[in-house]
Q: 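Have a look at this one before I ask anything.
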Amino acid sequence: MVRLHVKKGDESQFLFDTSVTVSVEELVKQITAIYNGRLKVERICSEMAELAEHGITMPPNMQGLADEQIEDLKLKDEWAERCVPSGGSVFKKDEIGRRNGHAPNDSMKKVLQKTMEEAKALISKKQAEANVCVTLEMVKEATDQLRGAAMIVYPMGLPPHDPIRMEFENNEDLSGTHAGQLVIEEPESQLWWAGKELQRKQKLSDYVGKNEKTKIIVKIQKRGQGAPGREPVVSEEEQKKLMMHYYRRQEELKKLEEDEDISYMNAEWADSNSLKRQFQGVKDIKWKPR
């Protein structure tokens with residue numbers, strides 16, 4: 001299997017195993033699905049952390065309003081009574097007024113937090129450091145774990161306007177958000193290797209040969225952004241090691257210079273003519289004026 005190290009810019013994303021016989025068209029679809037799936041898991045976890053702290057989101061027309069404004073406008077959250085967490089709620093006011101403040105109790109909060117940690121670990125960028133490949137099945141598993149935790153804590157479900165439910169139903173609206181800018185739609189997705197765009201009509205073997213044990217770095221990005229920057233000849237980690245090596249070598253040379261002392265050359269044992277004078281009997285002759 002060919003191992004691809006997928007990056008976005010210079011940032012590592014995940015490892016992916018495939019075959020040299022795969023078409024670039026299919027490869028782009030697979031990698032883009034995993035890339036966007038990981039982003040979805042991260043978005044769900046971000047919202048679920050808020051859910052654990054402050055409960056469900058309020059209807060859009062009530063978000064950001066002070067309690068007095070809600071009373072004056074006679075607005076009511078019809079979903080607050082339906083979507084109650086298991087075991088009751090604990091009130092923790094949301095200062096930005098986005099969620100209703102009726103948070104799950106500590107035991108249910110721990111269920112959400114533990115599931116978030118497990119889901120994040122499953123699709124984490126650290127998997128690449130551990131030489132573990134990420135598959136679309138792993139992304140789906142992480143999503144299913146989060147969905148299961150939400151059903152445990154909120155057996156009656158979440159409001160239709162809650163971002164977590166919208167993510168599960170693939171109805172999320174990311175327009176105008178930073179999260180939306182990170183998503184790469186499959187038709188706009190490109191893969192680059194060695195400064196070349198992998199053309200969809202070709203096969204992977206047309207670029208990397210037929211060796212199934214090949215390992216390459218590919219970069220994913222949106223169409224129209226031009227060629228991504230090439231990988232440095234020396235990695236950041238290798239550069240740090242080289243700098244540390246040269247620094248230690250420089251310190252060793254400095255120490256040798258400081259310890260250099262030639263006063264020993266005046267010692268008797270360092271005199272190259274000492275043995276000759278002994279044989280001639282002229283050792284320790286002292287000359288004094290008369």
Side-chain angles (χ1 to χ4, degrees), residues 1-44 118-145 167 170 172 174 179-242:
M1 300 293 284
V2 178
R3 177 152 295 185
L4 307 183
H5 186 177
V6 181
K7 290 188 174 184
K8 179 71 166 64
D10 293 328
E11 189 175 357
S12 174
Q13 298 294 318
F14 56 91
L15 299 180
F16 181 75
D17 277 347
T18 187
S19 171
V20 293
T21 60
V22 70
S23 67
V24 174
E25 177 81 24
E26 182 63 24
L27 184 62
V28 171
K29 290 180 180 178
Q30 293 173 346
I31 289 181
T32 304
I34 294 174
Y35 172 80
N36 288 332
R38 291 177 66 253
L39 292 177
K40 176 183 279 288
V41 171
E42 291 172 359
R43 293 195 302 269
I44 294 173
E118 293 174 352
K120 287 179 180 178
L122 202 57
I123 53 93
S124 171
K125 294 176 182 178
K126 292 182 180 180
Q127 293 281 49
E129 299 175 8
N131 207 32
V132 175
C133 292
V134 175
T135 64
L136 189 57
E137 288 71 26
M138 293 169 67
V139 175
K140 290 179 178 178
E141 182 182 346
T143 306
D144 289 342
Q145 287 178 352
E167 288 282 2
N170 295 321
E172 67 272 19
L174 303 177
Q181 295 176 2
L182 298 177
V183 175
I184 302 177
E185 298 297 336
E186 188 271 319
E188 298 297 318
S189 181
Q190 292 179 327
L191 291 180
W192 290 74
W193 171 69
K196 301 176 183 177
E197 180 190 350
L198 304 186
Q199 299 297 326
R200 296 194 179 214
K201 295 181 180 180
Q202 304 294 325
K203 290 187 176 182
L204 185 60
S205 59
D206 296 331
Y207 296 95
V208 302
K210 297 183 179 180
N211 185 1
E212 289 284 359
K213 295 184 179 180
T214 304
K215 182 176 181 180
I216 63 173
I217 295 175
V218 297
K219 296 193 175 184
I220 184 173
Q221 66 176 30
K222 290 182 181 179
R223 187 179 302 279
Q225 293 183 338
R230 285 178 172 268
E231 285 294 298
V233 177
V234 180
S235 67
E236 185 177 353
E237 188 64 28
E238 291 173 335
Q239 188 176 14
K240 289 180 181 179
K241 290 180 180 179
L242 283 173

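In this text the structure is predicted, and so the values were computed from the model without any measurement. We use all heavy atoms of the structure for the numbers below, so side chains are in, but hydrogens, waters and symmetry mates are not.
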Q: Decide yes or no for F16 and L27: does some side-chain heavy atom of the first lie under 4.5 Å from some side-chain heavy atom of the second?
A: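 In short, these two side chains touch, coming nearer than 4.5 Å.
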Q: Could you pull out every donor-acceptor pair under 3.5 Å between side chains of residues 179-187 and any protein atom, sequence neighbours left out?
A:
from, atom 1, to, atom 2, distance (Å)
E186, OE2, R200, NH1, 2.6

Q: Does T21 reach the side chain of K210, with side-chain heavy atoms less than 4.5 Å apart?
A: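 The answer is no, as the side chains (C-beta and beyond) never meet within the 4.5 Å cut-off.
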Q: Applying side-chain hydrogen bond (donor to acceptor under 3.5 Å, both in side chains), name anything that partners S12, two or more places apart in sequence or on another chain.
A: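 Checked S12 against side-chain hydrogen bond (donor to acceptor under 3.5 Å, both in side chains); matches are H5.
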Q: Could you list the residues that satisfy side-chain hydrogen bond (donor to acceptor under 3.5 Å, both in side chains) with E42, not counting sequence neighbours?
A: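 Once residues adjacent in sequence are excluded, E42 has no partner under the side-chain hydrogen bond (donor to acceptor under 3.5 Å, both in side chains) criterion.
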Q: How many angstroms lie between CG in L191 and CG in L4, if you round to the nearest 0.5 Å?
A: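 Taking CG in L191 and CG in L4, the distance rounds to 8.0 Å.
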Q: Check the pair E212, V2 against side chain to side chain contact (heavy atoms under 4.5 Å, CB included), reporting the backbone distance first and the verdict last.
A: CA-CA 5 Å; E212 289 284 359; V2 178; 3.9 Å; yes
Q: Is it true that a side-chain atom of K219 and a backbone atom of G9 form a donor plus acceptor pair closer than 3.5 Å?
A: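 It does hold such a pair.
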Q: The criterion is side-chain hydrogen bond (donor to acceptor under 3.5 Å, both in side chains); which residues satisfy it with E188, sequence neighbours excluded?
A: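 E188: no side-chain hydrogen bond (donor to acceptor under 3.5 Å, both in side chains) contacts found.
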Q: May I ask you to test the T143-V41 pair for a side-chain heavy-atom distance under 4.5 Å?
A: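 Yes - at least one pair of side-chain heavy atoms lies under 4.5 Å apart.
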Q: Any chance you could measure E141, atom CD, to L122, atom CG, to the nearest 0.5 Å?
A: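 Output value for this atom pair is 5.0 Å.
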Q: Which distance, rounded to the nearest 0.5 Å, do you find between the OH of Y35 and the NZ of K8?
A: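 The distance works out to 5.0 Å.
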Q: Would you say the side-chain atoms of T135 pair up with the backbone N or O of M138, donor to acceptor, closer than 3.5 Å?
A: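 Such a contact is found between T135 side chain and M138 backbone.
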Q: To check you understand the geometry: which heavy-atom pair defines the closest contact between L204 and S19, and what is its length?
A: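 Nearest pair, atom of L204 first, then S19: CD2-O, 3.8 Å.
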Q: Tell me, do Q199 and D206 make a side-chain contact under 4.5 Å, heavy atoms counted?
A: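 When only atoms from C-beta onward are counted, D206 and Q199 do not touch, as no gap falls below 4.5 Å.
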Q: Starting at NZ of K7, measure out to CD of Q13 and round the result to the nearest 0.5 Å.
A: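 It is 10.0 Å, given to the nearest 0.5 Å.
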Q: Quick one: does V208's side chain get under 4.5 Å of W193's, heavy atoms only?
A: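 Yes. Closest side-chain heavy atoms under 4.5 Å.
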Q: Atom CD of Q190 and atom CD1 of I31: how far apart are they, to the nearest 0.5 Å?
A: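 So the CD of Q190 and the CD1 of I31 are separated by 13.0 Å.
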Q: Among I220, I34, V134, I217, which one satisfies side chain to side chain contact (heavy atoms under 4.5 Å, CB included) with V6?
A: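 Exactly one option meets the side chain to side chain contact (heavy atoms under 4.5 Å, CB included) with V6, and it is I220.
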Q: If I take atom CD1 from residue I216 and atom CG from residue L198, how far apart are they, to the nearest 0.5 angstrom?
A: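 I216 CD1 to L198 CG: 6.5 Å, rounded to 0.5 Å.
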Q: Once salt bridge (charged side-chain N to carboxylate O under 4.0 Å, His left out) is applied, what residue pairs with a partner in residues 28-40 remain, sequence neighbours excluded?
A: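 For residues 28-40: K40-E167, K40-E172.
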Q: How would you list all residue pairs meeting side chain to side chain donor-acceptor pair (under 3.5 Å) that involve residues 120-131, not counting sequence neighbours?
A: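 The answer is R3-N131, E11-K125.
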